[in-house]
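Notes follow once the structure below has been shown.
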Amino acid sequence: MVCGCSALLPLPNPRPTMPATPNFHANLSSTSCWIPRQPMPVAWAFVQKTSALLWLLLLGTSLSSTWGQAKIPLETVKLWADTFGGDLYNTLTKYSGSLLLQKKYKDVESSLKIEEVDGLELVRKFSEDMENMLRRKVEAVQNLVEAAEEADLNHEFNESLVFDYYNSVLINERDEKGNFVELGAEFLLESNAHFSNLPVNTSISSVQLPTNVYNKDPDILNGVYMSEALNAVFVENFQRDPTLTWQYFGSATGFFRIYPGILVQADRDNREHFKLLVEELMVKGVGVVDQALREAFQILKQFQEAKQGSLCNQAVMLISDGAVEDYEPVFEKYNWPDCKISTLADTQENVMEYLHVLSRPMVINHDHDIIWTEAYMDSKLLSSQAQSLMLLTTVAMPVFSKKNETRSHGILLGVVGSDVALRELMKLAPRYKLGVHGYAFLNTNNGYILSHPDLRPLYREGKKLKPKPNYNSVDLSEVEWEDQAESKRVLFLTNDYFFTDISDTPFSLGVVLSRGHGEYILLGNTSVEEGLHDLLHPDLALASDWIYCITDIDPDHRKLSQLEAVIRFLTREDADLECDEELVREVLFDAVVTAPMEAYWTALALNISEEAEQVVDMAFLGTRAGLLRSSLFVGSEKVSDRKFLTPEDEASVFTLDSFPLWYRQASEHPAGSFVFNLRWAEGPESTGEPTVVTASTAVAVTVDKKTAIAAAVGVQMKLEFLQRKFWAATRQCSTVDGPCTQSCEDSDLDCFVIDNNGFILISKRSHEPGIRLKKKPIPT
């Protein structure tokens, strides 16, 4: 049985001066305790500067439950905590350079400004930018509508038309003689970063058809021939707005024209997936549709008479795997036309006819309604891209026949549309303006999440990522509610929410700002010459997902990193580069202030002899402007966790959605107090147990009684080093004469070091680090 007592101890603001052993206090006047039936004595102390708790749990002894009779005096436990905490604090401040970095920001406080963030103004500005971006997409679609309707007006149907076009499934395909197959002529394809590195042709579109549609049917040929006029508009739209992605025309006759042109293949994954789905289908029971149809027609009739429901056309459609026998009495009673579709061949003929009927009022009135979809997954990227890259929304409009002879019939020619990557939309809410914990999100008018940092639309099944069921019908509460999982580390934040609609769309924008330092933004300034010099340091990198400069539009800029683009912009080497001048100014300032850290870390590394104990693998820092510096104290091959600070480990770097985890955690603790995280190294020699520890601390700046987080700095070290430090500290005792009566190495004594969230950092048992400390001993 275990009894753990805890006390809330104040954390004084550490002075950013010379490193010194911190003072530790144990306040026993206010405690709360888990009390089992037979209380056992527990000694504990608080490692203050490092934000770690030292718990000693005494198990399996017959000691009295009073402190005075315990074999290990509280003074001894406090000595252990002081020794371990002091050594650890000195090591962390030495190798991280945290005191130097705090001093460098302190030196420039007089030139800094800290402004309060106006959440309402921020959400309004973001909303306007998004509205302008989405309006350009609508204008592009309207251009396609006008071109398609005009092309149809000028086209005369030709039953014997002969016309070759680029079939997306057949392009570049050759027969056994090496000749291009029919409709499969040579089609130039080049990988394009703007289209997720897929091979495309941005000078022309291609055409896709279902397998059950004859690709030389007269209706198909006439439709494809007529829609060739869209090629010029596709290209012109893309040149006018290079942020456009896929544009397309879906014809009512059954073909699909897509720009840029692309090769569509039934790859092995798709074929195997389809086979699995077919094999899982089961025919079971008999569907009795009579009652369902009667109920459906009754509901439809009631809504029509009461003028309720949507204002669009309404219909009841039954889809079955074969003809049903009990539909006729229902249709006779309600006097509806025969809607039976009994064969596959009926599908195109009948369903498309119903579409014409349903669309007739819109055609006659020329109602070109603009439709925006819910978020959906881009299936082309499912196997290769991050989750945030896959969600899209589509803007679409109907295309009608304007010919006088068909105007009264209300002929729907098809639908044109364009995709909008939600990731591109969210770039208009720059991360640096939202603070460490702030974020932006989008909702639809149905209350569903369109984009949110905590929306996880995929789950992993084996090695594959698959969409979650109903991933596009998640409401805000489902991603905002507290996660009760015990494996989570907790940050207590108070957030303010700001909302507004995005005009002329069914979307609304929300901005979340955390109270405290999240209410302020730090503004610095420096000369271009000084900042440019410090940007060129080899240890410096910028957040690759942040938009310092727009590099994904002009083909000449797409190969530039954000750092390279910023340097070109500052040197005026490229007059066409568009950059966020405020963000560039802040990253210049941070580059100047943090530049001395490179020399500090380099000197430290040079003074470490090869024979000396390898204490720390690396030091690193990040700033509120997305600047990242790091320095190795060991050879790259000896780094314990090589994924750390790389794009493979999103939690450790600046992303479009969030600051690094070590930065976020440090920012919620007093500047100067280190926060720890265990990490699991990967590789063939991995034991599956945590082997690496990161420790980070925040650097704060105060101007006119307003405090903002300027940066965070930390180190990565081996867990083994931390353990050796601790066990060495616990071999000491407070008695002057004679050996210690007991130590943490005794079999009847369990010693733990836990972090501020109650997770075990150090234990005798190797499987316990990373596990939350329980009320009872963890079985071995």
Side-chain angles (χ1 to χ4, degrees), residues 50-52 88 91-98 101 386 431 436 487-489 537-546 561-563 594 597-598 600-602 604-605 608 614-624 626-667 669 674-699 711-723 755 757 759 761 769-770:
T50 58
S51 292
L88 186 55
T91 299
L92 295 177
T93 54
K94 173 184 176 181
Y95 282 91
S96 69
S98 59
L101 185 60
R431 196 71 200 76
V436 179
S487 62
K488 300 290 185 181
R489 286 172 167 77
H537 285 188
D539 73 324
L540 183 146
L542 299 184
S544 59
D545 282 353
W546 290 18
S561 68
Q562 286 295 320
L563 180 56
T594 62
M597 300 299 291
E598 182 187 30
Y600 176 87
W601 288 333
T602 301
L604 200 60
I608 299 175
Q614 291 183 359
V615 176
V616 172
D617 285 358
M618 72 165 68
F620 55 86
L621 69 84
T623 74
R624 79 268 147 67
L627 180 146
L628 190 67
R629 291 184 187 271
S630 62
S631 182
L632 296 180
F633 297 120
V634 297
S636 58
E637 73 283 354
K638 295 182 179 181
V639 174
S640 304
D641 185 0
R642 298 178 188 177
K643 285 188 176 181
F644 186 64
L645 301 183
T646 70
E648 291 183 82
D649 181 15
E650 286 193 353
S652 68
V653 296
F654 293 92
T655 68
L656 189 65
D657 292 329
S658 63
F659 278 62
L661 178 62
W662 49 266
Y663 194 117
R664 284 179 280 147
Q665 291 180 323
S667 68
H669 291 79
F674 284 85
V675 183
F676 294 82
N677 255 322
L678 286 174
R679 295 180 59 83
W680 280 254
E682 297 183 7
E685 299 179 359
S686 175
T687 61
E689 298 171 355
T691 58
V692 186
V693 179
T694 59
S696 57
T697 184
V699 175
V713 61
V715 297
Q716 179 189 111
M717 66 181 76
K718 291 179 174 64
L719 178 59
E720 180 187 4
F721 164 75
L722 206 63
Q723 292 169 333
D755 67 14
N757 283 125
F759 286 86
L761 282 174

Shortest non-hydrogen contact between Arg664 and Ser667, atoms and distance
O-OG, 2.7 Å
So, Gln716 versus Asp641: side-chain donor-acceptor pair below 3.5 Å or not?
no
Shortest non-hydrogen contact from Ala666 toward Val675
CA-CG2, 4.2 Å
Start with the C-alpha distance between Val713 and Ser98, add both sets of side-chain angles, then the distance that settles side chain to side chain contact (heavy atoms under 4.5 Å, CB included), and finish with yes or no.
CA-CA 6 Å; Val713 61; Ser98 59; 3.6 Å; yes
Answer yes or no: is there an ion pair linking Asp617 with Lys638, defined by an N-O contact shorter than 4.0 Å?
no
In terms of side-chain geometry, is the basic nitrogen of Arg679 or Asp649 positioned less than 4.0 Å from the acidic oxygen of its partner?
yes
Look up atom OG1 in Thr694 and atom CD in Gln665, then write down how far apart they are to the nearest 0.5 Å.
7.5 Å
Residue among Thr691, Leu719, Leu761 satisfying side chain to side chain contact (heavy atoms under 4.5 Å, CB included) with Pro769:
Leu719
Beyond-backbone contact of Pro538 with Glu598, side-chain heavy atoms, under 4.5 angstrom
yes
So Val616 and Phe721, side chain to side chain contact (heavy atoms under 4.5 Å, CB included) or not? Walk me through it.
CA-CA 9 Å; Val616 172; Phe721 164 75; 5.6 Å; no
Given side chains that start at C-beta, do those of Val653 and Thr646 come closer than 4.5 Å, heavy atoms only?
no
Determine whether Trp601 and Met618 satisfy the following criterion, side chain to side chain contact (heavy atoms under 4.5 Å, CB included), listing intermediate values before the conclusion.
CA-CA 9 Å; Trp601 288 333; Met618 72 165 68; over 6 Å; no
Can you find a pair of side-chain heavy atoms, one from Phe654 and one from Pro660, that are under 4.5 Å apart?
yes
Looking only at heavy atoms, which two atoms of Gln562 and Ala543 are closest? And how far apart?
CG-O, 4.2 Å
Which pair of heavy atoms, one from Leu645 and one from Phe620, lies closest together, and at what distance?
CD1-CB, 3.7 Å
Under a 3.5 Å distance rule, please check whether Ser696 uses its side chain to pair with a backbone N or O of Trp662 as donor and acceptor.
yes
Looking at every non-hydrogen atom in both residues, tell me the closest pair between Trp546 and Thr655 and how far apart they are.
NE1-O, 2.9 Å
Would you say the side chain of Tyr95 lies within less than 4.5 Å of the side chain of Met717, judging by non-hydrogen atoms?
no
At what distance, to the nearest 0.5 angstrom, does OG1 of Thr602 lie from CG of Asp539?
7.5 Å
Closest heavy-atom pair, Gly770 versus Phe759, reported as atoms and distance to 0.1 Å, is O-CD2, 3.3 Å
Between Phe674 and Ser96, is any pair of side-chain heavy atoms under 4.5 Å apart?
yes
Should Leu621 and Leu627 count as side-chain neighbours, where that means a heavy-atom distance under 4.5 Å?
yes
Are any non-hydrogen side-chain atoms of Tyr663 and Arg624 less than 4.5 angstrom apart?
yes
One should read off an interatomic distance between Leu722 CG and Leu678 CG, to the nearest 0.5 angstrom, of 8.5 Å
